[in-house]
Amino acid sequence: MPELPEVEVVRAGLAPATSGSVITAVSVFDDRALTRHAAGVADFVARLEGRVFVDAMRRGKFLWLPLDDGDSALIAHLGMSGQMLLRRPDAEAERHERIRLHIEHPQHGELAVVFADQRTFGSLAVDRLVADGPSWIPTQVVHIARDPMDPFFDDAAFAQALRRRGSAVKRVLLDQQVISGVGNIYADESLWAARIHPETPASALSPRAVMRLLAEIRSVLAKALAEGGTSFDAQYVNVNGQAGYFAHSLNAYGRGGQPCPRCGTLIRREAFMNRSSHYCPQCQRRR
DNA sequence: GGGGGTTCCTGTACGC
DNA sequence: TGCGTACAGGAACCCC
């Protein structure tokens, strides 16, 4: 499932091929892939064809490629199963291909940027850029908090936000308006590393525990990024269709019934927010 | 505005 | 073999 490390791998993979490329043609095969683009397919195509990508940016799980008009960008959210793939221009259609952008790069020549998405929770859109402090971000990303790898992430504001919330700390970690980029996998892994029970009220955490948690979030995300992200199946791959290796390094997520790598107690899996939480009942005591 | 539940979607795994 | 069902979960949306 694409969380921050997976989206960053995709961004970094796209950047060298897309930056400086002119968009020569756009094909939309399934308009459900444009749920974030309210103006529809024709408008989406018209706003892209003939434009040049100038960069590749990311905040949390949102990815965007600013355009040369200076005030808009192609944005992408991969949802559960979205993929951005770089293909030869004549490559056969992917199984769940929804949109294909034909681009031409001054050095690399013609390429296809393919947006494929099995569960159709992902979407592309062309969005307007607005100023956000020193940077420019799409309007659809304005409400998303900075992610913990962002140099402008405010540790003190994060701690304050947790103090104000009585919800389970895991629920708060998944709130992209408090901290972005963390999803179910890395929330479970970070809480395991920080020895915090996922149902602990955020406001009950000591300042020291909050800082320990934030440090573990950063550590887990950095390790996952270094290993190319987490792949369980073909759902997450980089722009070349290759899987990441971090699934081999998971300590809690997906390990229900297996021994905790730290103490040997069996990892517990519980329903939580219409999904699953994985934690060690010994290391992560409920307060 | 915080809190918590529901909804969207499709492929896979599993039980009968 | 075939059918039905549970499950995976990001984020918008809703009501309290």
Side-chain angles (χ1 to χ4, degrees), chain A residues 1-8 10 29-38 58-64 75-84 94-99 115-125 127 137-147 157-158 160-191 198-205 217 221 224 229-237 243 246-247 250 252-257 269-279:
Chain A
M1 320 302 153
E3 301 180 32
L4 187 153
E6 292 77 33
V7 179
E8 175 57 23
V10 171
F29 306 110
D30 188 336
D31 57 13
R32 291 177 302 174
L34 289 180
T35 50
R36 290 177 181 277
H37 192 88
R58 182 190 57 73
R59 175 175 291 185
K61 304 169 196 171
F62 280 85
L63 164 70
W64 67 93
I75 67 170
H77 195 291
L78 303 180
M80 291 288 302
S81 53
Q83 303 174 339
M84 293 287 268
E94 296 293 320
R95 181 152 181 218
H96 299 290
E97 183 163 334
R98 311 293 183 193
I99 293 174
F115 177 67
D117 188 11
Q118 179 203 105
R119 295 178 207 170
T120 71
F121 283 14
S123 172
L124 303 188
D127 195 12
I137 61 170
T139 65
Q140 295 187 35
V141 185
V142 166
H143 66 292
I144 301 294
R146 289 183 185 274
D147 62 63
F158 172 71
Q160 195 176 19
L162 262 59
R163 268 201 300 278
R164 284 202 311 264
R165 299 290 203 93
S167 298
V169 60
K170 179 168 171 183
R171 189 178 178 104
V172 180
L173 291 184
L174 296 178
D175 184 343
Q176 304 298 301
Q177 298 187 56
V178 174
I179 182 170
S180 68
V182 178
N184 206 39
I185 298 172
Y186 299 117
D188 280 1
E189 288 302 300
S190 303
L191 288 165
E199 300 265 20
T200 308
S203 55
L205 294 174
I217 291 170
L221 293 177
T230 303
S231 303
F232 297 111
D233 46 30
Q235 291 305 322
Y236 160 69
V237 291
F246 194 68
L250 295 172
Y253 182 86
R255 300 192 70 249
R269 173 176 174 269
E270 283 181 6
F272 180 79
M273 283 177 69
N274 267 349
R275 55 207 65 179
S276 295
S277 267
H278 310 78
Y279 66 96

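Within every chain, numbering begins at 1; the chains are lettered A, B, ... in the order of the sequence lines, protein sequences first and strands thereafter. Hydrogens, waters and symmetry mates play no part in the numbers below; they use all other heavy atoms, side chains included. Remember, it's a predicted structure, so these values are computed and weren't measured experimentally.
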- Query: Would one find a side-chain N or O of A:R164 under 4.0 angstrom from OP1 or OP2 of B:dG1?
  - Reply: no

- Are OP1 or OP2 of C:dA11 and a side-chain N or O of A:Q176 less than 4.0 angstrom apart? yes

When you get a sec, tell me which of [options] is the closest nucleotide to the side chain of [X]?
{"X": "A:F62", "options": "C:dA11, B:dT10, B:dT12", "value": "C:dA11"}
{"X": "A:S167", "options": "C:dG9, B:dG3, C:dA8", "value": "B:dG3"}
{"X": "A:F121", "options": "C:dA12, B:dC9, B:dT10", "value": "B:dC9"}
{"X": "A:T120", "options": "C:dG10, C:dA11, B:dC9", "value": "B:dC9"}
{"X": "A:H96", "options": "C:dG10, B:dG11, C:dA12", "value": "B:dG11"}
{"X": "A:H143", "options": "B:dG3, C:dA12, C:dG10", "value": "C:dA12"}
{"X": "A:R165", "options": "C:dA8, B:dG5, B:dG2", "value": "B:dG2"}
{"X": "A:R36", "options": "B:dC9, C:dG10, C:dA11", "value": "C:dA11"}

Whole Å only: how far is the [atom1] atom of [X] from the [atom2] atom of [N]?
{"X": "A:L4", "N": "C:dG10", "atom1": "CG", "atom2": "C1'", "answer": "14 Å"}
{"X": "A:Q177", "N": "C:dG10", "atom1": "CD", "atom2": "C1'", "answer": "13 Å"}
{"X": "A:L63", "N": "C:dA11", "atom1": "CG", "atom2": "P", "answer": "13 Å"}
{"X": "A:F272", "N": "C:dA8", "atom1": "CZ", "atom2": "C1'", "answer": "16 Å"}
{"X": "A:R95", "N": "B:dC9", "atom1": "CZ", "atom2": "P", "answer": "18 Å"}
{"X": "A:E199", "N": "B:dG3", "atom1": "CD", "atom2": "C1'", "answer": "14 Å"}
{"X": "A:L174", "N": "B:dG5", "atom1": "CG", "atom2": "P", "answer": "14 Å"}
{"X": "A:D147", "N": "C:dG10", "atom1": "CG", "atom2": "P", "answer": "15 Å"}

- Message: What's the angle between the local helix axes at either end of the helix from B:dG2-C:dC16 to B:dC16-C:dG2, using five pairs per end and rounding to 10 degrees?
- Response: 50°

With no hydrogens and no angle check, just 3.5 Å: does a side-chain donor-acceptor pair link [X] and [Y]?
{"X": "A:S203", "Y": "A:R163", "answer": "no"}
{"X": "A:S277", "Y": "A:K170", "answer": "yes"}
{"X": "A:D188", "Y": "A:H278", "answer": "yes"}

- Task: Map A:G166 and A:R275 onto DNA chain B by nearest heavy atom, then report which one ends up closer to the 5' terminus.
- Result: A:G166

Sub-3.5 Å donor-acceptor pair from the side chain of [X] to the main-chain atoms of [Y], do we have one?
{"X": "A:K61", "Y": "A:E6", "value": "no"}
{"X": "A:R32", "Y": "A:D30", "value": "no"}
{"X": "A:E3", "Y": "A:G183", "value": "yes"}
{"X": "A:E189", "Y": "A:L250", "value": "no"}

- Task: Applying salt bridge (charged side-chain N to carboxylate O under 4.0 Å, His left out), name anything that partners A:E94, two or more places apart in sequence or on another chain.
- Result: A:R87

- Could one point to a donor on the side chain of A:R171 or the base of B:dG5 with an acceptor on the other under 3.5 Å away? yes

- Task: Have a look at A:S276 and say if it touches a base, only the backbone sugar-phosphate, or nothing, with a 4.0 Å heavy-atom cut-off.
- Result: sugar-phosphate

